[in-house]
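Worksheet for the structure shown next.
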Amino acid sequence: MSEMTLVQAVNRGLFEAMKQDPDVLVLGEDVGVDGGVFRATDGLIKEYGAERVIDTPLSETGIIGTAVGMALYGLKPVAEIQFLDFIYPAFDQIVSELAKFRFRSGGQYPCHVVIRAPYGGGIKGGVYHSQSTEAYFCHTAGLKVAIPSTPADAKGLLLTAIHDEDPVMFFEPKRIYRTATGEVPDGDYRVPFGQARTVREGEHLSIFAYGAMIPPASEAAAALAKDGISAEVIDLRTLVPLDEAAAVASVEKTGRAVVVHEAARFCGFGAELSAILAEKAFYSLKAPILRVTGYDTPFPYALENVYLPNAARIEAAARAVMQEG
Amino acid sequence: MSEMTLVQAVNRGLFEAMKQDPDVLVLGEDVGVDGGVFRATDGLIKEYGAERVIDTPLSETGIIGTAVGMALYGLKPVAEIQFLDFIYPAFDQIVSELAKFRFRSGGQYPCHVVIRAPYGGGIKGGVYHSQSTEAYFCHTAGLKVAIPSTPADAKGLLLTAIHDEDPVMFFEPKRIYRTATGEVPDGDYRVPFGQARTVREGEHLSIFAYGAMIPPASEAAAALAKDGISAEVIDLRTLVPLDEAAAVASVEKTGRAVVVHEAARFCGFGAELSAILAEKAFYSLKAPILRVTGYDTPFPYALENVYLPNAARIEAAARAVMQEG
Amino acid sequence: MAKAAQSAPTVAPGVSHALSNDRLLSMYRVMVLARAIDERCLSLQRQGRIGFYVPASGQEAAQIGCAAALRDEDWIFPAYREIGIALWRKVPFRALMDQFIGNSTDRVKGRQMPNHYSFRDHNFVSASSPIGTQITQAVGAAMAIQRRHVPQVTATFFGDGATSSNDFHAGMNFAGVYRTPTIFFCQNNQWAISLPRNRQTHSATLAQKAEAYGFSGVVVDGTDVHAVYDAVATARERALAGEGPTLIEAQVYRFGPHSTSDDPHRYRSDADVAEWKRKDPILRLREELRTSGALSDETESQLQEAVKREISESIEAAEGAPALDPMTLFDDTFAQRTPRLEEERAEFQRLLREGVIRP
Amino acid sequence: MAKAAQSAPTVAPGVSHALSNDRLLSMYRVMVLARAIDERCLSLQRQGRIGFYVPASGQEAAQIGCAAALRDEDWIFPAYREIGIALWRKVPFRALMDQFIGNSTDRVKGRQMPNHYSFRDHNFVSASSPIGTQITQAVGAAMAIQRRHVPQVTATFFGDGATSSNDFHAGMNFAGVYRTPTIFFCQNNQWAISLPRNRQTHSATLAQKAEAYGFSGVVVDGTDVHAVYDAVATARERALAGEGPTLIEAQVYRFGPHSTSDDPHRYRSDADVAEWKRKDPILRLREELRTSGALSDETESQLQEAVKREISESIEAAEGAPALDPMTLFDDTFAQRTPRLEEERAEFQRLLREGVIRP
Ligand SMILES: Cc1ncc(C[n+]2csc(CCOP(=O)(O)OP(=O)(O)O)c2C)c(N)n1
Ligand SMILES: Cc1ncc(C[n+]2csc(CCOP(=O)(O)OP(=O)(O)O)c2C)c(N)n1
Ligand SMILES: [Mg+2]
Ligand SMILES: [Mg+2]
């Protein structure tokens, strides 16, 4: 166990995986000599050399296309996309190739690539260094999607991702890269996919969130507690596979739900979770499900602090939900 | 008024727009001499020449990137993507550029491109000639999304799209390109965006669909009617802007809803509509909202007829919804 | 050796890798088989017995000349028109036919359109429809080969149209930077559906595009098995010697339609086709083999007979195989089904049982 | 004329477009202004007065040499490092400062990070962060120019790293096919963040990449305003004469960090930087102007004084401008707000009123 930040935990996870298995390699822009623009890959090239820590030309198409080829051959590439906002030149390789290789080849060609990308707002990055577009990937059959919110989960989910047999999109909440700190187990620590984490138990309503929205959700729950409102906060951890059972069970208990994410609301991940609850927890629901999300505009720069969901907005939505029904 | 097929109506719409405005031009792969692989652009090059009907190299990046440039300059390009499945090389231009140009330039640079693409299954096209990924675009702030289900709407929505001031994704249900026939008004016929069409009025439940799912939804409603179940069938027509008011009003009347689309279920458009209803029509809902959709696998080839929602599946879901609550 | 990109294409003059008559005969046999399959499948499609077909007639010398110069351990990253490569790799036609039908013995489990097959045990990676995507993948696999230090190469196949794709650019560039053992084999068949080669790009040759990435490109007459074989064998030797990738532009012509959905009369003249048919690669090799005495009338008719029989028997067997089990739909999205897929599968099974869904 | 791509770069020998002393002086002035802004903004960023900054020091001759050879009616499709172009186009520094702050007078309404500005009235299109996307757009605008039959060109700006992008490939290819009046101006500043030029691509020059698209590329010494001006003026003349596009590789060096988020010591040596600083384009032009007598001590100090004053006054004014109205968030996603945006806007307004959201 050692205390570290979330980005350090990612770095530890990468070191661990590369130590465990010589087939694991890292590629991306500035991941080698520079150690990654957020330092997530810092030190890897010194330890494992340029053969396994590959600085690539400026082409996401090339990064993911070659990673797919490596994976088909039997290596375990971990590709970094510098910001999730820059993943789109690789979108064809991801949705048409990576996600479908196993299926379309009748199971002959598994294709196990982990794609790491910092996502989300709160770093004054403007429209192109702030977006949260996890819903695109969740809607793409064949991809798993993991989003840690704590250093321990960052390492544990990353190691699970690297040892999985399927492609995994691993989105890192850059806003809390350095502010989220905590104890992280040493060695081969793994957190299973598809198991939500109860951040805080509660009786009156359920707040669902993930990644950088866990801190404001927890803060809101703490504020609500002062007024005797007991909110359960659930960190979904992996969106695919989703722990639907935990989500439904929580709402069966509380009867009320607020879903939180940074991404734009329309067709965001929150829509799916609402739809699941409206179907499977229908008879338990005492009030409409509210979503606290980014707005349906592109991500702004100067106004990011009013665009992003904060604890006060989550708290207000929770109070509104409590007043209904 | 003349009777024609859906793809002919698209063709008529393009002729009309090019006649109206010399700034309208068409570009894409095989759209000129060949008239498009589905013949949607047939005859245009003869009438308007290669300067306005542009056969492009095999690059969706190039097609949409140049269309964006043309639009910035003041033209009104209508780009064809041969199959929606092949749009991903242009995804970066669409989500990062086209969708955000007006916003990110503070309103200085509107960017009005219409992107036409045949979408959906039912033509034995396998994994890459069958997909319905409208949700990606619906989740992208700055894009409008229109999907006609009749020849009249195909022409009317297309002309509205071409005269709109914003980017429009215009997805054409290729499965019913030739089977959907009907009367289409001559001349400058336009169907406004954001107004759903009531295909059939009903009292007991609401079935929401669009595009190629309208025929099976109607068929299901007809079958239900025989058993005295009165289903309202609503064609959403444009997913962005969405006629939320019509959807909510319908469910306030019927109390029950089934949402139908071909796309995979998880984070599909149906999730958004369910979420809206679960929030805004909450107190009217008598039963869980069911979704009848493609499964969360890649699109198959040999098994497409069992993958795609059909009238019987919609009917079964409607009966299930009627038994609840 | 084939000529450098800058000059006009010609039949390769001093070929440095000679082919024995035996080898030429076996190449000829596979070319004949490929052509016969093409003709038969076009008619199966017209009869509605298969849903779609992509012919490769005209490109046999390019494909089999190339395949013969590779070794079985080399990885193929194909497009959808590479039937000659698969056949040379000893994929039985029966296996192709299974794929065209999508029956229960189809190796890709009915997941893809005809011609998009995949045979892992033949190192023949899965073809996909999106143009060009296999190119970067071939480079990635070559990077893996470098990492494993094994004497293998990857060969990737694509058309003139694919040189405009994003993956061509990225794949060529990565290959140049990492000097990967990759052969970029472009079959310039003069058309990308209706777009002629000279509207695809303004460069004089496609091979010269390699200059942009710091390695060499060569043009070969793709109707001449010798020239193709030589260019590929040379590229393979260079790749194994650590000298990096090569782009080979094999100039050929697509005799048939782009696919069974295409009507080439809309965009090209019969005269143009007839002109190129005079250089039919099969006639050309037959002529050569006859002249050298390697191919007698008797061998020829035996060969034609054997090919016909193999085709007919394979079609019959494939058509007789059981249909695909619908429940396989839920396999292979992931290695293990997620709870959601289990749930959907259970729903699907119930709907099948109730007759709501009918296979 | 600049030299053809194949040969090594040199200072352009027989320059065919001469620049008058007056013009050179005004170019010098803008170069000095750009450099001074850079230095000042780096310190504003350190003081937390602006959030981020992308310096352009070392690239002034390339930018202003190019801008001066274009006409105001030509459309600029910039990347994020083109401050010299904007300044030459007479965009006041105040307007840039407004953008860096994202205040109520910012022309892009606080929507983008510093350096991603846009000025429609200067034909300076909106910069975006994703690398390369402006390249195809510039080609599309040039196709529109062809359609309108007007004497204009488009010029697009990008770095060495951007030559690996999809849009470079597609844009160059479309430009070749349609022979568009486009100038592809690549500032090869030797680095793409930490990746050196020789790891970006294996081609000897970036200019030679034009060969792949059937048009010509030239290398110029980007520290020499004369060479740059000449290459661009020539390319512009060719474009207007219908002779199509040109790729120009201006070889420069990025003196500063990639951006204020970057620490260049992690990947390059001070010695390397010092070596290139000996070719500082501003010192070089100053030297020339002094030698020719066009620049006296007095003019120089007046100029430095004026630049300092303009910068200080602009910063003061921009910092004094009112903050952005939060309600503007809901403008410009579409020309007209959709019902959903109206609803979200109303919710937002309520939350603002209730103090749940605080600007
Ligand atoms: C990304 C993408 N865009 C468009 C298509 C539609 N399409 C299928 S084949 C083809 C032409 C391919 O031409 P070429 O690369 O020369 O190969 P050929 O078919 O001639 O062998 C096109 C445009 C596609 N499959 N993928
Ligand atoms: C598509 C994309 N990938 C990655 C990035 C991150 N990034 C920003 S600048 C840069 C390097 C650009 O290098 P170059 O094109 O040489 O321009 P320069 O910054 O040197 O002017 C990178 C990788 C990006 N902005 N866009
Ligand atoms: Mg071709
Ligand atoms: Mg650079």
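What you see is a predicted model, and the numbers here were worked out from it, not measured in a lab. Numbers restart at 1 for each chain; the letters A, B, ... are given by sequence-line order, proteins then strands.
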query: So Thr163(D) and Gln200(D), side chain to side chain donor-acceptor pair (under 3.5 Å) or not? Walk me through it.
result: CA-CA 8 Å; Thr163(D) 62; Gln200(D) 188 65 245; 5.5 Å; no

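- Only the side chain of Ile276(B) has a heavy atom closer than 4.5 Å to any heavy atom of chain D.
- Among His112(B), Lys144(B), Lys100(B), the residue with the largest count of heavy-atom pairs under 4.5 Å with chain D is Lys144(B).
- Here the CG-CD distance, from Leu143(B) to Glu134(B), works out to 13.5 Å after rounding to the nearest 0.5 Å.
- Taken from OH in Tyr109(B) to CZ in Phe119(D), the straight-line distance is 10.5 Å, to the nearest 0.5 Å.
- Contact record, Ala67(B) with Val113(B): O-CG2, 3.6 Å, taken as the closest heavy-atom pair.
- Of the listed residues (Ser105(B), Gly194(B), Pro241(B), Ser59(B)), the one with the most heavy-atom contacts under 4.5 Å to chain D is Ser105(B).
- Within the 4.5 angstrom heavy-atom criterion, only side-chain atoms of Ser96(B), from C-beta onward, approach chain D.
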- prompt: Which is it for Asn115(D) and Met113(D) under the side chain to side chain contact (heavy atoms under 4.5 Å, CB included) test, yes or no, and what are the steps along the way?
  reply: CA-CA 6 Å; Asn115(D) 304 85; Met113(D) 286 174 95; over 6 Å; no

- request: Under the side chain to side chain contact (heavy atoms under 4.5 Å, CB included) rule, what do Tyr73(B) and Gln152(D) come out as? Steps first, then yes or no, please.
  value: CA-CA 12 Å; Tyr73(B) 195 87; Gln152(D) 277 176 306; 2.3 Å; yes

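- The choice from Pro339(D), Ala141(D), Ala142(D) that makes the most heavy-atom pairs within less than 4.5 Å of chain B is Ala141(D).
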message: For a side chain to side chain donor-acceptor pair (under 3.5 Å) check, start with the C-alpha distance between His163(B) and Gln20(B), then their side-chain angles and the critical distance, and finish with the verdict.
response: CA-CA 10 Å; His163(B) 290 284; Gln20(B) 288 170 359; 2.5 Å; yes

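- Put simply, the side chain of His139(B) does not reach to within 4.5 Å of the side chain of Cys267(B), judged on heavy atoms.
- Contact tally against chain D (heavy-atom pairs below 4.5 Å) for Thr56(B), Asp164(B), Leu25(B), Val68(B): the top residue is Thr56(B).
- No more than 12 heavy-atom neighbours from other residues, nucleotides or ligands sit within 6.0 angstrom of CD on Gln336(D).
- Side-chain contact check for Leu14(B) versus Leu158(B): some heavy-atom pair is nearer than 4.5 Å.
- For the set Gln134(D), Gln112(D), Lys109(D), Arg147(D), the count of heavy-atom pairs under 4.5 angstrom toward chain B peaks at Arg147(D).
- For chain D, the nearby part of Phe101(B) is the side chain; its heavy atoms alone come within less than 4.5 Å.
- With respect to chain B, the highest number of heavy-atom pairs below 4.5 Å among Ile145(D), Asp106(D), Thr338(D) belongs to Ile145(D).
- If you measure heavy-atom distances from Ala138(D) to chain B, you find no contacts under 4.5 Å at all.
- Comparing Leu242(B), Ile64(B), Asp23(B) by how many heavy-atom pairs each has under 4.5 Å with chain D, the most go to Asp23(B).
- Between Tyr213(D) and Phe215(D), the ring-plane angle classifies as tilted under the 30° and 60° cut-offs.
- In terms of heavy-atom proximity, Thr136(D) sits nearest to Gly65(B) at OG1-CA, 3.2 Å.
- Counting heavy-atom pairs under 4.5 Å between each of Gly110(D), Pro130(D), Ser128(D) and chain B puts Ser128(D) at the top.
- For the atom pair CD (Gln82(B)) and CG (Asp30(B)), the distance works out to 5.0 Å, reported to the nearest 0.5 Å.
- Residues Val53(B) and Tyr48(B) come closest through the heavy atom pair CG2-CB, 4.2 Å.
- Within residues 340-351 of chain D, the residues having any heavy atom less than 4.5 Å from a heavy atom of chain B are, in residue-number order, Arg340(D), Glu343(D).
- With a 4.5 Å cut-off on non-hydrogen atoms, Gln108(B) touches chain D through its backbone and its side chain both.
- For Glu165(B), the part sitting under 4.5 Å from any heavy atom of chain D is the side chain, from C-beta outward, and nothing else.
- Between Thr133(D) and Gln93(B) there is a side-chain heavy-atom pair separated by less than 4.5 Å.
- At a threshold of 4.5 Å between non-hydrogen side-chain atoms, the residues Met70(B) and Leu27(B) count as touching.
- The environment of CZ in Arg71(D) is sparse: at most 12 heavy-atom neighbours from other residues, nucleotides or ligands sit within 6.0 Å.
- Counting heavy-atom pairs closer than 4.5 Å to chain B, the top-ranked of the candidates Arg148(D), Arg107(D), Met143(D), Arg111(D) is Arg111(D).
- Rounding to the nearest 0.5 Å gives a distance of 8.5 Å between CD of Glu60(B) and CD1 of Ile87(B).
- Heavy-atom pairs under 4.5 Å with chain D were tallied for Ile54(B), Val240(B), Leu72(B), Ile63(B); the largest tally goes to Leu72(B).
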message: Working note: Lys253(B) + Glu232(B), criterion side chain to side chain contact (heavy atoms under 4.5 Å, CB included); need CA distance, chi angles, decisive distance, verdict.
response: CA-CA 10 Å; Lys253(B) 176 172 72 173; Glu232(B) 181 146 296; 2.5 Å; yes

- request: Using the side chain to side chain contact (heavy atoms under 4.5 Å, CB included) rule, take Arg291(B) and Ser274(B) through it: C-alpha gap first, then chi angles, then the decisive distance, then the call.
  value: CA-CA 8 Å; Arg291(B) 290 180 277 169; Ser274(B) 290; 3.9 Å; yes

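- Counting only heavy atoms from C-beta outward, the side chains of Val31(B) and Asp55(B) approach each other to under 4.5 Å.
- Below 4.5 Å, heavy atoms of chain B meet heavy atoms from Leu329(D), Asp331(D), all part of residues 318-331 of chain D.
- With Phe137(B) as reference, Phe171(B) is the one residue of Tyr88(B), Phe170(B), Phe171(B), Phe269(B) to meet the ring-ring contact (aromatic ring centres under 6.0 Å, His included) rule.
- Residues of residues 165-181 of chain D lying under 4.5 angstrom from chain B, judged on non-hydrogen atoms, are Asn166(D), Asp167(D), Ala170(D), Asn173(D), Phe174(D), Val177(D), Tyr178(D) in numerical order.
- Taking the side chain as every heavy atom from C-beta outward, Ile50(D) and Cys41(D) approach each other to under 4.5 Å.
- To the nearest 0.5 Å, the span separating OG1 on Thr201(D) from CG on Asp160(D) amounts to 10.5 Å.
- Closest non-hydrogen pair, Ile289(B) versus Ala278(B), comes out as CD1-N, 4.2 Å.
- With a 4.5 Å cut-off on non-hydrogen atoms, Pro77(B) does not touch chain D at all.
- Residues of residues 74-105 of chain D lying under 4.5 angstrom from chain B, judged on non-hydrogen atoms, are Trp75(D), Phe77(D) in numerical order.
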